[in-house]
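Here's the structure, in structure tokens; my notes come after.
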There are 2 protein chains.
Amino acid sequence: MNLKDLAARLGLSQTTVSRALNGYPEVSEATRQRVAAAAEKYSYRPNTRAKGLATGRSMAIGHVIPISAQHEMVNPVFGDFIAGAGETYAAAGYDMVLSLVQDSQEERVYREMFAKGNVDGIVVHAPEMQDPRISLLQDIGLPFAVHGRASDVQIPYNWLDMNNKNAFLRATDFLLDLGHRRIGLLNGLEKMDFAHRRRTGYVEALLNRGIAVDPQLMRSEEMTENYGYQAVRQMMELPDPPTAYLVSSMIPAIGIRRAIHDAGLVMGRDISVITHDDDLSYLRNGDDVPLFTATRSSVREAGQQLARILIEQISNPQQAPKTKLLEAELTVGRSTGPNLEGR
Amino acid sequence: MNLKDLAARLGLSQTTVSRALNGYPEVSEATRQRVAAAAEKYSYRPNTRAKGLATGRSMAIGHVIPISAQHEMVNPVFGDFIAGAGETYAAAGYDMVLSLVQDSQEERVYREMFAKGNVDGIVVHAPEMQDPRISLLQDIGLPFAVHGRASDVQIPYNWLDMNNKNAFLRATDFLLDLGHRRIGLLNGLEKMDFAHRRRTGYVEALLNRGIAVDPQLMRSEEMTENYGYQAVRQMMELPDPPTAYLVSSMIPAIGIRRAIHDAGLVMGRDISVITHDDDLSYLRNGDDVPLFTATRSSVREAGQQLARILIEQISNPQQAPKTKLLEAELTVGRSTGPNLEGR
DNA sequence: TTCCATTACCAAATCGCTTTGGACGATTTT
DNA sequence: AAAATCGTCCAAAGCGATTTGGTAATGGAA
């Protein structure tokens, strides 16, 4: 059933039917009702491509998920983020189109998306410190919003970020207050902007108390379970091993827990752990009492809000870019306790 | 840059330019070269919507991800699956469009997708035993392929599944061979087809050896870490607790490990665990030696292959449906050992 | 030399929608 | 009573591609 058929069946012109369905005023209330009823009856839905061609808009938003050539890893956070974004899109009538792209090909893909015109805007995932994608998108003039920020990019753009620095500063403070002085940092890849900010918070907290930063206690890798395990095993071998660890995600935190257990120690008593918790749906941090002490910020909510920002930008292109900084909350679980060693 | 402009710049008609770019024979080799060069120079890309309108195809494939209203959980497997599918789509020139939908709304969404015509085919995720989506899609005549199967649906359709029954039969046999007689099953939700098949394999293996099936040892829930933990804690309280567990995914397996540790026991010595492992990129089962004994089958590869099946079906609509059954491999890790109790 | 394929191109129709620029009575204003 | 306004509707022109149904020029066969 297309517009032509529907109009014919109603004895009206396509113009009138189209206007009736799209809420234009130059249609009498009576015929509007009649049209709506018929559209319902025949379950008429305007063809997306035709509508897009006529309006110049595609009612779709692109998410380009970078796949690093070396690791071929999909960020586990991603599922929940798009679940959040998807809710917002659905409510606003947008589709979501996904491209998984080798990071070397990203520029080409963005340009193509624009040229082919199959999205009205783009969400940029996993920004690096000096991310070339931002100025690229600015140049080609495709509306976009970034999940995170790029520290070294100065032009204004839409972003939504968690206050990474503050979260890790507070977490480090919390450990320091418990008497810990040797604190291991298991960060994400250092080129990622969030990892850089987290390290900054950690370092600042230490320096505030006059504690030297020991490079041996800082690691930076892709956040797998095994990374958490191996890194802690190794740090435990140090002459003066950490009594506490700060880690960027629940997944390596689970690896840390394994390493602690394997060493015959008890997490929260012998060794403290704080993790960042993205509040993933399948990896809840305990149901009643949180398992890990954690800085928590829902990535799903981030998805919802960022989608909203982008949609606003699209429907109002000359609007100034919007930004939003979410604060993580520190929830105390059973993975932290006072430093029992010496002093 | 659109076709009209490009044609004008070349002093050719739109027809000829279009034909040159799409490889039709009625264009001289010389002009084809000239057109290709100009297209490259101006980085011309045909507008997707216009092309789609003209050809009647959208070059996009829909993935409808069901979100259960109660749990609001995104299946963790999903990220890796679409990473696999995405590779195939990219190579074949298809886009991927995602809809996250409350499961109550699924029928409406499928019908709309068809009516609006914004996908050429659909991948059905997480089929249940008697899944109404399959006959629905058959009815509305939209090509589709299912990741998994629906036991109670008899009509032929495209699917790709892992041999769930056989995997769990072999895993159970493996535990029985090690002398275990009390084996707990931590399954996924029983309404899901895969969970039903896995239980069938488990039950069959037990019955083959004349061992009675104890309902107290079988659980069926959404596969979170906490589920694994709680279920095992509870089963440990039984008068005659299991000496081994079989679990449907790595995530609850991690919870099981935690429960075992918390009880002061050692996994692989005091209690054996076998998990199914979807080979998720961020949750590898150990780097060198597998941590868990596991039945493994790459969900990413499943994505690749299922996408290929669907694309074939789309480009050749009267072709008979294709099916593919993947066998899981049983890899022995450090989570299993002989039953030390009694006998 | 005439006729017929073949080659290489083009004008215009088409896909299904939105939107522009009227048209035509009925009502209100002057 | 004539003019202006308003409320409803419509025909036709886009949007940017593909595709149908041609035409003119060339070369070989009859």
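When reading the values below, keep in mind they use all heavy atoms of this one structure, side chains included, and skip hydrogens, waters and symmetry mates.
Rounding to the nearest 0.5 Å places CD of B:E112 at 5.0 Å from CZ of B:R108. Within the model, atoms CZ of B:R149 and CG of B:D193 stand 7.0 Å from one another, a figure rounded to the nearest 0.5 Å.
Counting only heavy atoms from C-beta outward, the side chains of A:I314 and A:I61 approach each other to under 4.5 Å. Contact of the B:L100 side chain with the A:E87 side chain is not registered, since no non-hydrogen atoms from C-beta on lie closer than 4.5 Å. For the pair B:S135/B:V153, no side-chain contact is recorded, criterion being any heavy-atom separation below 4.5 Å from C-beta on. For the pair A:L326 and A:E301, the minimum side-chain heavy-atom distance is 4.5 Å or more.
For the pair A:Q14 CD and C:dT20 C1', the interatomic distance rounds to 15 Å; values are reported in whole Å. In this structure, the CG atom of A:N22 is 18 Å from the P atom of C:dG16, given to the nearest Å.
In summary, of the residues considered (A:F78, A:Y94, A:Y89), a ring-ring contact (aromatic ring centres under 6.0 Å, His included) with A:H63 occurs for A:Y89 alone. Looking at A:K324, A:K322, A:Q313 one by one, the single match for side-chain hydrogen bond (donor to acceptor under 3.5 Å, both in side chains) with A:N158 turns out to be A:Q313.
Comment: B:R111 engages B:E107 in a salt bridge, judged by a side-chain N to carboxylate O separation of less than 4.0 angstrom.
Close to C:dT19, at under 4.0 Å from its OP1 or OP2, lies a side-chain N or O of A:Y24.
Residue pairs satisfying the ring pair (Phe, Tyr, Trp, His ring centres under 6.0 Å) criterion with at least one member in residues 126-154 of chain A, sequence neighbours excluded, are listed as follows: A:F81-A:H147.
At least one test fails for A:R133 against the ring of A:Y110: distance under 6.0 Å to the centre or angle within 45° of the axis.
Contact check of residues 40-56 of chain A against DNA chain D (heavy atom, cut-off under 4.0 Å) returns A:L53, A:A54. Listed in residue order, the members of residues 2-10 of chain B having a heavy atom less than 4.0 Å from DNA chain C come to none.
Computed from C1' positions of five pairs at each end, the angle between the two local axes of the helix from C:dT1-D:dA30 to C:dT30-D:dA1 equals 60°, rounded to 10 degrees.
Applying the 3.5 Å distance criterion, the base of D:dT19 shares no donor-acceptor pair with the side chain of B:S18.
Side chains of B:R32 and B:Y24: a donor-acceptor N/O pair is absent below 3.5 angstrom, by distance only.
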Item to complete: Go along nucleotides 4-9 of chain C 5' to 3' and tag each nucleotide: B for a protein heavy atom under 4.0 Å from its base, S when only backbone or sugar atoms are that close, - otherwise.
Response: ----SB
Residues 46-54 of chain A, side-chain donor-acceptor partners within the protein, below 3.5 Å, at least two apart:
{"residue": "A:N47", "atom": "OD1", "partner": "A:R49", "partner atom": "N", "Å": "2.8"}
{"residue": "A:N47", "atom": "OD1", "partner": "A:A50", "partner atom": "N", "Å": "3.0"}
{"residue": "A:T48", "atom": "OG1", "partner": "B:K116", "partner atom": "O", "Å": "3.2"}
{"residue": "A:R49", "atom": "NE", "partner": "B:G52", "partner atom": "O", "Å": "3.2"}
{"residue": "A:R49", "atom": "NH1", "partner": "B:G117", "partner atom": "O", "Å": "2.3"}

